[in-house]
Amino acid sequence: MYELEKVNQNIIKSYFECIKKELENKNKVLILLAIKHAVKKMLPNELDKLLEPKIRQVGKTLDIAFERKIEKFNSVEEAQNLFKEQFSEAYNYAFDNPNETFSQMIMMAYDLCKYDTKLTYKRNTSLFNISFILRSYRQHYKADKRWLRERNIKPNERNINVSLNTNKALKDQVKFLESSYELYKDNPYSKDLTKDIELGIIDGYKNDKHMMTRSIYEIANIHHSLKDLLKDESKTIIHAFKNIKHSLDSDKVIDRTDIMNSWLTNIALLYTKINPQGIKKTELSDFIVKVANYTTIYKEETTKKLFSPEKLRKNDYREKAQYKGLRLMEITDKRYKLSHNEQSTKETEEYLTYIIEYLSKYQKSK
């Protein structure tokens, strides 16, 4: 994860040790209190109305994690029977039409059941790997369609956001947005709190694009009922972030191939990092090629080069960009590097340390 790449490893180790203990004890309340404590320490003036929805969101994620059960199948046959049961239409079509690209992809997925695990949630059983792949595909398919739609409506000589910006130089990618505030800044009598906040967001983005892109997306997507937003300040802050999120939608210019690479990289990550069950890299490479043939514009030779067994054996992945809340991943040869802001790294270390202190204090008192 990008945010932790430059963080002191001792802090990361202590953080995961503390969190692991409470996850094993399913102590959701204590984890949420620790997060809230850390945020309040970092941002003492943070409005509770902005913080509480995010705390509740973390709580829901923890509830799912506590209720989920992941275990090995008793046999490959059990896994494959579940696949045929849950994807009967696709399996039957593939069985009857074996020469089609779609069919080949489905039958390879069926064969890969031997590397899958059983996921049980609320008494429903599914294949962990297949569930992950489908979720990742939906996320990237949605991002791809959004990218295409915005590219088609974008005027040729005019920038409307960072992701489709015509300026490749990082320092020039917000000029289109800054220029829209020139009249406001030049008028000494104008005073608009929303615009002032928006200008502050732009400055923060210029200082640390990657971290700020994610913050903009998260805050802009805080959902409140009108009765919850009793203070005008809360409304103004959220409104400012919503105004700016469509322009500052990524931390770099995004090419369509960035989205496709990320989708395929997620498959590689699944079988090599997230749920490694000993798959051969030649087998994984062949599967990714079949998936790419059916779900992307890549030619087979391109995918074979990008996700060759040799590259998969290196097992080296990184986050390349943030795009509309989606982390775009890539299998890397280390030529492309994200820049890290020293101040953001220090703040991340400070935030994690506050969580460690809060949890350690409780754990020592037991």
Side-chain angles (χ1 to χ4, degrees), residues 2 138-223 235-263 295-298 302 319-330 335-339 341 344:
Y2 165 84
R138 285 193 293 268
Q139 291 171 335
H140 287 85
Y141 177 81
K142 181 179 178 181
D144 183 50
K145 291 302 178 186
R146 182 75 177 271
W147 186 92
L148 286 170
R149 184 168 65 251
E150 291 184 352
R151 185 199 60 178
N152 290 335
I153 65 172
K154 177 185 177 299
N156 288 333
E157 302 301 323
R158 183 182 164 201
N159 288 315
I160 59 174
N161 55 24
V162 173
S163 62
L164 291 168
N165 208 282
T166 56
N167 293 312
K168 296 296 182 182
L170 294 176
K171 62 183 178 64
D172 297 329
Q173 288 172 6
V174 293
K175 282 186 176 180
F176 78 97
L177 185 57
E178 290 180 308
S179 63
S180 66
Y181 292 88
E182 286 178 358
L183 287 176
Y184 174 72
K185 290 192 292 184
D186 290 341
N187 185 348
Y189 301 104
S190 59
K191 184 63 179 175
D192 187 320
L193 180 57
T194 301
K195 281 187 169 58
D196 289 339
I197 295 172
E198 290 168 9
L199 287 167
I201 296 169
I202 296 170
D203 287 339
Y205 176 87
K206 288 162 64 178
N207 185 50
D208 190 349
K209 294 189 175 190
H210 197 78
M211 294 288 277
M212 198 62 185
T213 300
R214 187 159 190 83
S215 298
I216 292 168
Y217 177 84
E218 293 293 342
I219 295 174
N221 284 281
I222 291 175
H223 299 292
K235 296 178 184 178
T236 304
I237 292 171
I238 295 177
H239 189 58
F241 275 88
K242 286 182 181 293
N243 287 346
I244 218 85
K245 79 166 186 175
H246 301 293
S247 299
L248 303 182
D249 63 336
S250 64
D251 60 329
K252 65 183 290 291
V253 177
I254 302 296
D255 189 83
R256 193 182 182 194
T257 57
D258 292 328
I259 300 171
M260 294 182 182
N261 286 349
S262 179
W263 150 231
T295 63
T296 75
I297 60 172
Y298 285 157
T302 302
E319 182 177 332
K320 185 176 184 179
Q322 289 275 342
Y323 176 60
K324 300 187 186 299
L326 180 64
R327 295 180 188 268
L328 297 182
M329 305 298 295
E330 69 168 358
R335 283 181 296 179
Y336 180 83
K337 291 185 177 180
L338 287 171
S339 60
N341 181 279
S344 293

Given the options I201, I197, L193, T194, I237 meets side chain to side chain contact (heavy atoms under 4.5 Å, CB included) only with I197
State which residue, out of N161, L248, V162, fulfils the side chain to side chain contact (heavy atoms under 4.5 Å, CB included) condition with L177.
L248
Would you indicate whether Y184, at its atom OH, is surrounded by more than 12 heavy atoms from other residues, nucleotides or ligands within a distance under 6.0 Å?
yes
Does K185, at its NZ atom, have more than 12 non-hydrogen atoms belonging to other residues, nucleotides or ligands within less than 6.0 Å?
yes
[X] vs [Y] side-chain heavy atoms within contact, under 4.5 Å:
X	Y	value
W263	T296	yes
L164	S250	no
M329	K320	no
L326	K142	no

Salt-bridge present (R146, E150; N to O < 4.0 Å):
yes
From [atom1] ([X]) to [atom2] ([Y]), nearest 0.5 Å:
X	Y	atom1	atom2	value
H210	E319	NE2	CD	3.5 Å
N221	I238	CG	CD1	10.5 Å
S215	K245	OG	NZ	14.0 Å
T166	Q173	OG1	CD	9.0 Å
K324	H246	NZ	NE2	8.0 Å
Y205	D251	OH	CG	6.0 Å

Looking at [X] and [Y], what are the two nearest heavy atoms and their distance?
X	Y	value
F176	N159	CD1-O, 3.4 Å
F241	I216	CD2-CA, 3.8 Å
K242	A220	NZ-O, 2.8 Å

Any donor and acceptor pair, going by atom type alone, linking the side chain of [X] with main-chain N or O of [Y] inside 3.5 Å?
X	Y	result
K154	R158	yes
D144	I259	no
N261	D258	no

Could you check R327 against R214 for side chain to side chain contact (heavy atoms under 4.5 Å, CB included), going step by step and ending with a plain yes or no?
CA-CA 9 Å; R327 295 180 188 268; R214 187 159 190 83; 3.5 Å; yes
Can E198 and Y181 be counted as having a side-chain donor-acceptor contact under 3.5 angstrom?
yes
Apply side chain to side chain contact (heavy atoms under 4.5 Å, CB included) to M260 and I297, showing your working.
CA-CA 9 Å; M260 294 182 182; I297 60 172; 3.5 Å; yes
Given S262, which partner from the list H140, Q139, E330 fulfils the side-chain hydrogen bond (donor to acceptor under 3.5 Å, both in side chains) test?
H140
